[in-house]
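Here the structure is laid out as structure tokens; the discussion comes afterwards.
Chain letters run A, B, ... following the sequence lines, proteins first, then strands; residues in each count from 1.
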Amino acid sequence: MTNPLLRIENLHKSYQSLEVLKGISLELQKGETLALIGPSGSGKSTCLRCINNLERPTGGAIFLEDERIGQLPDRRGGWRPMTDSELAAQRTEIGMVFQLFYLWPHLTVLDNVALAPIKAQRMDPAEARHMAKAMLDRVQMGHKAHEYPERLSGGQQQRVAIARTLAQRPKVILFDEPTSALDPELVGEVLNVIKSLAEEGRSMVLVTHEIRFARDVADRVIFMDGGVVVEEGKAKQVINHPRMERTKAFLRQVHDQPVAEMQGAP
Amino acid sequence: MIAFFTTYAEFWSDWMPRLQSAAKVTALLSLVGFLLALFLGAVLTAGMRSHNLHARKLCRGFVEFMKAVPLLALLLALYFGLPPLGLTLSGFWAGALGLGLHGSAYVAEILRGGLQAIHKGQREAGLAAGLSPVQVFAHIVMPQAMRIMLPPLLNTYVALLKDSSLCALIATDELMLTARAISSESFLPMHIFLLVGLVYFLIAFPLSLLARWLQTRLNAGRRTMGAT
Amino acid sequence: MGFFDILQGLMGGAVTAIYITLGAGTFAMALGLLLALAQTFGHSRWMRWAINAYVEWMRNVPALAHLFLLYFGLAAVGIRFSPLVAAMLGLGLVGAAMLCEVFTAAFRSIHPGQREAALAAGLTPLQALRYVLVPQMLRLSLPSTANYTSQLIKDTSIASAIAAPEIMFFARNLVTSTFETSLIYGTALLLYAAMVWPVAWMFFRLERRLEMSR
């Protein structure tokens, strides 16, 4: 068994007295697409945000290719959290696509994509812009390179956000409910881009409410509820034939909604 | 260091009564100026919302002019520039008039903003209920607009209070002029100007805080007021 | 003495007014930005309290008092400023307080996700500030900065009280030598309007060019 690309060990996260993550452990292999599903408040977004340390874990450890993320040894033989400055180098290897895109409104689309490579990775600006254009073409947004984000639709902005993350050339890409804030007719174009990335063999962790998409595109699915991993396994198996009661209850509820249409069994 | 503060003790009995009467003049000056500004501002707002094109342009022009011109220039023009034309005003009245004219422009903007902020639906509901336009204005629009306008009006008063210090330059016997006089007599400019600064601060700061408190109360209540 | 002679006589004052505006304005913006950064991103509660105290003092005490303190007050303890420098310093300190409030509010109105996306992309906090947050904050502050600049041009008139050679100072001298009082003051008023309006228009155009969404 090859070494996993991403390894989360017994992750805990509490806010004051509220414990949101109660010991999450999971692994992501290189080239694998992992989907995290579960009800609101289950901790899936928090778990994702702990990976690139936008949330600081209160317990446990995260490893990217065996390198410990977000923590440095302290003088007493334990671990202390890294500051944002110290984290910058590691965060470059981890890309994140946000639910609300967060494109930078004062920069053109092209500059949005090229900023991090130029400033964080010290790439030559001309080379970076050339690469940025290529990334934009990859998501079919090359023709809008010189537009400002406010002129784009939600789906277009999210695709630019994906291009921005690709430009970092990260080892793993995290998606935090990438389509939840989009109008229904714009969801498809973004899902198609994510699907093509999966087919390309990218390593990705995807937090999503699009169950059907998770089943068809992800390799593995993890169902989380109440801060713990309830069930995990191959995508089609967890979603079509869930074993745990809680998983069944969740999927029944989600599949019952009029918006979701089901193709095929069960 | 300590010597700095003991100096105050020395001169307290001389300075205090003079500053006290000067403070009264400052308070009166800013109050009269503010009332003038309120009155004139209301007239200007009415003018800017009137159906008469000339009235609108005239009022707009007046407001823009008053906003483009420094208060000090206005004060000097009123105090020195009017007598040759036949009208001589005392320092106090030139000051009050200047403050009033200058302030009216800002008051007009505040009143206009406050009235505009009241959703049209409020008026329509009032008219639909059978109230006359005047009643709608008095009982529905104004009470709501007042709440919105109160904090910025308070801030305008604080600004006027600070601006009244400029009247010292047209020989009005208010705080700043008294401070200058004391400064030249005693050769203690640091002491007296700091003290006077403190006096202004003690009058203005509570008002600023009040305005800010009212503003937060207003923002909290806004979410339940009328239509958005 | 005709209108144009008077205008010529006051011109020197207009130049001084522009000098003071540039000096005080630059100082106010630099200091205001520094204070706003400390207020928004600083960790020391004591520092935030100190900045608040500074801002409140500047906002509730007349500018004239500050000018007198800097010009007469400091002279008494041995520090002598020229009227021009005292005016720039005094108006600059007051302006810094005002801009600090404006900039802080602008920073607070930027969605926290903007900073998160920058950090997630591998930028250091300093880089995020420089390339993502401060540019947005400046654009958001543009209307208030425009207001401040117009106000500053007008406030330079106060410098005449400490004998700075600006418009009102020249005007009063002209009056004593020619007695064309009304014309002189009228011209002075027009001169100020002539300075304020182009600046307001310039900012308006700048705002249009940099129009951006939140």
Side-chain angles (χ1 to χ4, degrees), chain B residues 4 26 64-86 102 155 158-159 161-169 175-177 179-180 183-184 186-209 212, chain C residues 17 53 55-77 79 94 147 150-162 166-169 171-172 175-176 179-197 199-200:
Chain B
F4 187 82
T26 292
E64 290 303 319
F65 183 72
M66 281 302 155
K67 283 169 75 178
V69 160
L71 177 59
L72 183 57
L74 189 60
L75 289 174
L76 292 172
L78 289 172
Y79 189 65
F80 292 114
L82 282 184
L85 300 174
H102 183 79
N155 282 328
V158 170
L161 193 68
K162 289 192 293 170
D163 287 341
S164 70
S165 63
L166 295 178
C167 297
L169 304 172
L175 268 174
M176 199 53 81
L177 186 66
R180 282 277 324 244
S183 164
S184 345
S186 63
F187 297 104
L188 293 171
M190 204 67 169
H191 290 85
I192 188 61
F193 288 125
L194 275 177
L195 183 59
V196 159
L198 191 60
V199 173
Y200 277 106
F201 184 82
L202 290 173
I203 306 176
F205 187 51
L207 292 174
S208 302
L209 282 183
R212 230 168 297 171
Chain C
V55 167
E56 289 304 330
W57 176 259
M58 287 294 153
R59 287 177 68 187
N60 287 291
V61 173
L64 193 56
H66 293 121
L67 289 190
F68 283 157
L69 272 170
L70 286 169
Y71 189 63
F72 295 119
L74 286 182
V77 293
I79 306 174
V94 173
N147 265 347
S150 307
Q151 188 61 43
L152 182 58
I153 295 176
K154 293 184 281 170
D155 285 345
T156 57
S157 57
I158 305 177
S160 63
I162 53 171
E166 64 81 53
I167 299 179
M168 294 328 289
F169 185 76
R172 278 146 95 178
V175 164
T176 53
F179 300 107
E180 288 269 17
T181 327
S182 322
L183 192 56
I184 291 171
Y185 283 117
T187 312
L189 291 177
L190 281 175
L191 203 49
Y192 278 110
M195 285 192 293
V196 168
W197 276 327
V199 169

In terms of heavy-atom proximity below 4.5 Å to chain B, should [X] be classed as side chain, backbone, both, or neither?
{"X": "Thr156(C)", "result": "neither"}
{"X": "Val196(C)", "result": "side chain"}
{"X": "Ser157(C)", "result": "both"}
{"X": "Ala188(C)", "result": "neither"}

Does Leu198(B) form a side chain to side chain contact (heavy atoms under 4.5 Å, CB included) with Trp57(C)? I'd like the steps, not just the answer. CA-CA 9 Å; Leu198(B) 191 60; Trp57(C) 176 259; 4.1 Å; yes
Of all residues at least two apart in sequence or in a different chain, which pass the salt bridge (charged side-chain N to carboxylate O under 4.0 Å, His left out) check with Lys154(C)? none
Does any backbone or side-chain atom of [X] lie under 4.5 Å from a heavy atom of chain C? Answer side chain, backbone, both or neither.
{"X": "Leu188(B)", "result": "neither"}
{"X": "Val196(B)", "result": "neither"}
{"X": "Leu194(B)", "result": "both"}

Quick check for you: to the nearest 0.5 Å, what is the distance between [X] atom [atom1] and [Y] atom [atom2]?
{"X": "Phe193(B)", "Y": "Tyr71(C)", "atom1": "CZ", "atom2": "OH", "result": "12.0 Å"}
{"X": "Met168(C)", "Y": "Leu76(B)", "atom1": "CE", "atom2": "CG", "result": "4.5 Å"}
{"X": "Ile158(C)", "Y": "Leu166(B)", "atom1": "CD1", "atom2": "CG", "result": "5.0 Å"}
{"X": "Tyr192(C)", "Y": "Leu74(B)", "atom1": "OH", "atom2": "CG", "result": "12.0 Å"}

Show the nearest heavy-atom pair for residues [X] and [Y], with the distance to one decimal.
{"X": "Glu64(B)", "Y": "Trp197(C)", "result": "O-CZ2, 4.3 Å"}
{"X": "Leu85(B)", "Y": "Ser182(C)", "result": "CG-OG, 3.6 Å"}
{"X": "Gly197(B)", "Y": "Val61(C)", "result": "O-CG2, 3.4 Å"}
{"X": "Ala161(C)", "Y": "Arg180(B)", "result": "O-NH1, 4.0 Å"}
{"X": "Ala73(B)", "Y": "Leu189(C)", "result": "CB-CD2, 3.4 Å"}

Sort out for me which of Pro70(B), Ala179(B), Pro189(B) touches chain C most, counting heavy-atom pairs under 4.5 Å. Pro70(B)
With a 4.5 Å limit on heavy-atom distance, are the side chains of Leu74(C) and Met190(B) in contact? yes
Is NZ or CZ of Arg172(C) both nearer than 6.0 Å to the six-membered ring centre of Phe80(B) and within 45° of the ring axis? no
Residues 199-209 of chain B side chain polar contacts: donor-acceptor under 3.5 Å, at least two apart:
{"residue": "Tyr200(B)", "atom": "OH", "partner": "Glu174(B)", "partner atom": "OE1", "Å": "3.3"}
{"residue": "Ser208(B)", "atom": "OG", "partner": "Ala204(B)", "partner atom": "O", "Å": "3.2"}
{"residue": "Ser208(B)", "atom": "OG", "partner": "Asn60(C)", "partner atom": "OD1", "Å": "2.7"}

